[in-house]
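Before any comments, here is the structure.
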Amino acid sequence: MQPTDKNLGDWLESRVARFSTRRYDWDALKFQTQVDERYRRAQMRYMGTGATGVASDNNTVPSAHFTFSTMVIPAGGIGPSHIHYDVEEVFFVLRGKMKIVIEKDGERWESILHERDLISVPPGVYREEVNITDEDALMCVMLGTPKPITPTYPPEHPLSKLKR
């Protein structure tokens with residue numbers, strides 16, 4: 001809803017996140033590199049803060065229904081296996097080629113996403129993303145809630161033992 005103290009132009013301008021004012025946050029998931037340097041990746045937030053554990057970001061459009069960010073995954077980089085119990089997560093590959101690994105109840109499924117391919121991962125399944133190229137990959141990441149619960153890792157995964 002439009003705030004009563006803002007005209008239409010000011011209100012809509014407050015809902016624009018321009019690329020020129022974004023920055024890649026290489027620290028949002030930095031704790032994961034304590035386990036494996038291949039987990040190094042960067043988030044650029046546009047709407048909300050996503051599920052990386054970043055509490056707030058005043059440089060994003062407030063989120064009412066979902067979050068939206070881009071993620072840089074370096075060559076050979078991995079988004080480690082994790083699960084969201086509360087939310088659907090969407091990955092859209094802008095640049096590169098990503099192997100997606102899904103696991104649920106002992107079953108495993110893999111697929112390769114190319115540029116402009118998308119996958120919608122339902123809540124309650126483990127997901128892992130692997131950049132299988134020798135260049136940085138770029139993905140859009142969208143979560144279907146304004147403030148997702150921080151994801152968890154498989155119990156046997158070294159990341160499940162780390163404290164943020």
Side-chain angles (χ1 to χ4, degrees), residues 11-102 113-121 123 125-154 157-164:
W11 176 49
L12 292 177
E13 193 60 40
S14 75
R15 300 189 60 78
V16 173
R18 300 187 189 284
F19 177 71
S20 63
T21 63
R22 306 295 99 202
R23 69 173 185 78
Y24 279 113
D25 182 352
W26 289 93
D27 293 330
L29 296 162
K30 188 176 183 177
F31 75 96
Q32 294 178 346
T33 63
Q34 295 173 42
V35 169
D36 191 326
E37 190 61 32
R38 293 177 301 165
Y39 296 158
R40 182 176 180 270
R41 53 205 195 287
Q43 180 187 45
M44 182 181 283
R45 294 177 288 279
Y46 284 83
M47 181 170 243
T49 57
T52 58
V54 173
S56 67
D57 184 341
N58 294 331
N59 194 36
T60 63
V61 173
S63 178
H65 304 287
F66 59 90
T67 68
F68 184 90
S69 62
T70 59
M71 187 76 68
V72 171
I73 303 93
I78 301 170
S81 181
H82 65 284
I83 194 168
H84 295 280
Y85 289 104
D86 64 325
V87 66
E88 172 183 23
E89 185 172 30
V90 174
F91 300 113
F92 181 83
V93 178
L94 290 169
R95 184 178 63 237
K97 192 178 345 178
M98 300 293 295
K99 178 171 77 170
I100 305 297
V101 180
I102 303 294
L113 297 184
H114 299 260
E115 291 183 9
R116 300 191 185 241
D117 287 349
L118 175 145
I119 184 169
S120 168
V121 183
V125 298
Y126 284 99
R127 71 279 325 255
E128 177 180 274
E129 315 86 46
V130 182
N131 180 351
I132 58 173
T133 70
D134 58 0
E135 297 181 1
D136 288 354
L138 180 63
M139 289 193 316
C140 293
V141 180
M142 189 169 76
L143 291 146
T145 185
K147 188 62 180 160
I149 297 169
T150 305
T152 56
Y153 306 96
H157 197 286
L159 285 172
S160 68
K161 313 290 185 276
L162 288 182
K163 301 292 182 213
R164 292 182 186 223

Heavy-atom closest contact ([X] atom, [Y] atom, distance):
X      : Y      : value
Leu159 : Pro80  : CD1-CG, 3.4 Å
Pro148 : Gly50  : CD-O, 3.6 Å
Ala51  : Pro151 : O-CD, 3.0 Å
Tyr153 : Ser81  : CD2-O, 3.2 Å
Ala64  : Pro146 : O-CG, 3.6 Å

Would you compute the distance between atom [atom1] of [X] and atom [atom2] of [Y] and round it to the nearest 0.5 angstrom?
X      : Y      : atom1 : atom2 : value
Ile102 : Glu128 : CD1   : CD    : 9.5 Å
Met71  : Arg45  : CE    : CZ    : 9.0 Å
Tyr24  : Ser69  : OH    : OG    : 9.5 Å
Asn59  : Asp25  : CG    : CG    : 11.5 Å
Thr60  : Arg15  : OG1   : CZ    : 10.5 Å
Phe66  : Thr145 : CZ    : OG1   : 11.5 Å

| message | Could you check whether any side-chain N or O of Thr49 sits under 3.5 Å from a backbone N or O of Val54, counting only pairs where one atom can act as donor and the other as acceptor? | response |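 Yes; at least one donor-acceptor contact below 3.5 Å.
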| Donor-acceptor pair, Arg116 side chain versus His114 backbone, under 3.5 Å? |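 Side chain of Arg116 to backbone of His114: no pair is present.
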What I'd like to find out is whether the side chain of [X] reaches to under 4.5 Å of the side chain of [Y], using heavy atoms alone.
X      : Y      : answer
Val141 : Glu129 : no
Phe68  : Val61  : no
Met47  : His65  : no
Cys140 : Thr70  : yes
Pro74  : Asn131 : no
His157 : Tyr126 : no

| query | Does atom CD1 of Ile149 have more than 12 heavy-atom neighbours, drawn from other residues, nucleotides or ligands, at distances under 6.0 Å? | reply | no
Quick one: side chains of residues 88-101, donor-acceptor pairs under 3.5 Å with protein atoms, not counting sequence neighbours, listed by atom name and distance.
unit_1 : atom_1 : unit_2 : atom_2 : d
Glu88  : OE2    : Ser120 : OG     : 2.3
Glu89  : OE1    : His82  : NE2    : 3.4
Glu89  : OE1    : His84  : NE2    : 3.3
Glu89  : OE1    : Arg127 : NH1    : 2.9

